[in-house]
Amino acid sequence: MTLRATNLYIFFKRLPYLILFVVVYYLKGSLIFPANELLQYEFLLGEYISWLVLVIYIYQFLYLRMITYTITQDSIILKRGVFTRTTNYINFYRIKDYRVYRSFFARIIGVMEVTLISSQRFSKSLTMTGIPNSRLVENLRNQVEEGRRTNRVYEVDRG
């Protein structure tokens with residue numbers, strides 16, 4: 001099963017950049033320099049800043065859109081990146097704890113944030129953001145127990 005953040009979540013998560021683009025684009029440079037001074041340069045500066053903000057918005061939208069979480073029989077595979085792709089693997093039997101977070105905004109649009117704490121060296125935790133509400137944690141919990149039984153892994157707490 002492959003999961004990714006919903007488009008609605010990604011849009012609202014980066015909405016401040018879009019609002020900033022619209023504000024800067026329509027105001028151009030009138031707030032940067034005093035009126036009637038360097039009019040041509042302030043217009044160009046405002047134009048460049050607004051387009052830079054739009055490029056940042058598009059990049060971050062693509063970055064969040066390109067994050068995928070693939071759940072296999074024995075692990076979770078996280079792939080992320082626009083130009084350079086990074087892949088992380090977390091084995092189920094190494095998952096120690098789960099956390100589900102639903103902010104007010106996330107509940108309105110029907111998404112959640114799931115954080116998995118693991119005992120791996122390089123991937124201590126994995127946060128899956130913008131995932132549609134589902135029984136994902138219950139399914140993961142069952143797969144973790146099955147992975148621990150299969151690999152004969154027992155958790156020992158040092159107190």
Side-chain angles (χ1 to χ4, degrees), residues 1-33 41-147:
M1 168 178 29
T2 300
L3 299 170
R4 62 174 36 152
T6 63
N7 286 334
L8 189 61
Y9 172 80
I10 295 171
F11 174 77
F12 283 115
K13 187 77 172 172
R14 297 300 176 217
L15 188 62
Y17 287 103
L18 198 56
I19 293 171
L20 184 62
F21 165 74
V22 170
V23 167
V24 172
Y25 185 79
Y26 284 108
L27 292 179
K28 296 296 184 203
S30 61
L31 299 177
I32 298 173
F33 297 107
Y41 296 113
E42 76 181 46
F43 177 80
L44 288 175
L45 184 61
E47 187 83 17
Y48 292 144
I49 290 173
S50 64
W51 287 107
L52 177 66
V53 169
L54 183 63
V55 167
I56 291 170
Y57 172 79
I58 291 171
Y59 174 78
Q60 290 191 347
F61 183 88
L62 287 174
Y63 182 81
L64 289 174
R65 188 69 190 130
M66 299 290 289
I67 296 174
T68 59
Y69 311 99
T70 305
I71 300 173
T72 64
Q73 289 290 85
D74 59 347
S75 64
I76 297 177
I77 304 168
L78 164 66
K79 294 182 182 178
R80 64 177 166 213
V82 176
F83 301 113
T84 303
R85 298 286 284 172
T86 303
T87 304
N88 291 347
Y89 300 87
I90 293 183
N91 294 324
F92 281 135
Y93 68 89
R94 295 209 182 249
I95 294 176
K96 297 285 189 192
D97 202 5
Y98 318 86
R99 182 181 143 229
V100 177
Y101 176 72
R102 292 183 182 106
S103 67
F104 177 72
F105 169 71
R107 287 187 312 215
I108 290 173
I109 63 173
V111 297
M112 64 183 173
E113 178 179 290
V114 178
T115 302
L116 305 173
I117 309 298
S118 77
S119 62
Q120 291 188 177
R121 262 186 215 174
F122 298 111
S123 301
K124 291 288 185 191
S125 67
L126 168 69
T127 302
M128 300 188 287
T129 58
I131 302 300
N133 286 339
S134 63
R135 299 185 56 81
L136 176 68
V137 174
E138 289 81 10
N139 294 340
L140 287 176
R141 192 173 291 139
N142 293 335
Q143 286 182 295
V144 166
E145 290 301 321
E146 181 63 31

Q: Would you mind reporting whether Y69 and T129 have side-chain heavy atoms less than 4.5 Å apart?
A: yes

(Q) If I take atom CD from residue Q143 and atom CD1 from residue I71, how far apart are they, to the nearest 0.5 angstrom? (A) 6.5 Å

Q. Can you list the residues that meet the side chain to side chain donor-acceptor pair (under 3.5 Å) rule with T72, with sequence neighbours excluded?
A. D74, S75

**Q.** Inter-residue atom distance Y59.OH - L64.CG, 0.5 Å rounding
**A.** 10.0 Å

Q) Which residues pass the ring-ring contact (aromatic ring centres under 6.0 Å, His included) test with Y98, sequence neighbours left out? A) none

**Q.** Minimum-distance pair of heavy atoms, taken over all atoms of S125 and T115
**A.** CB-CG2, 4.5 Å

Q: Please indicate whether Q73 has more than 12 foreign heavy atoms, meaning atoms of other residues, nucleotides or ligands, lying under 6.0 Å from its CD.
A: no

Q) How far does CH2 of W51 sit from CD1 of I58, to the nearest 0.5 angstrom? A) 8.0 Å

Q: Apply the test side-chain contact (heavy atoms from CB on, under 4.5 Å) to residues I67 and Y63: give CA-CA distance (whole Å), side-chain angles for both, the deciding distance (0.1 Å), then the verdict.
A: CA-CA 7 Å; I67 296 174; Y63 182 81; 4.0 Å; yes

Q.
What I'd like to find out is whether the side chain of L126 reaches to under 4.5 Å of the side chain of N88, using heavy atoms alone.
A. no

Q) For the residue pair I76 and F92, what are the closest heavy atoms and their distance? A) CG1-CE2, 3.5 Å

Q. Closest approach of I90 and S118, non-hydrogen atoms and distance?
A. CG2-CB, 4.1 Å

Q | R102: side-chain contact (heavy atoms from CB on, under 4.5 Å) partners, not counting sequence neighbours | A | V100, R107, M112, N133

Q: Could you tell me the separation between the OH atom of Y9 and the CD1 atom of I131, rounded to the nearest 0.5 Å?
A: 9.5 Å

Q. Could you go step by step and tell me if I95 and L140 meet the side-chain contact (heavy atoms from CB on, under 4.5 Å) rule?
A. CA-CA 9 Å; I95 294 176; L140 287 176; 5.7 Å; no

(Q) Would you compute the distance between atom OG1 of T87 and atom CG of L78 and round it to the nearest 0.5 angstrom? (A) 8.0 Å

Q. At what distance, to the nearest 0.5 angstrom, does CG of L116 lie from OG1 of T127?
A. 8.0 Å

Q. Any donor-acceptor pair under 3.5 Å linking the side chain of R85 with the backbone of M66?
A. yes

Q | Exam field: side chain R141 to backbone V137, donor-acceptor pair closer than 3.5 Å | A | no

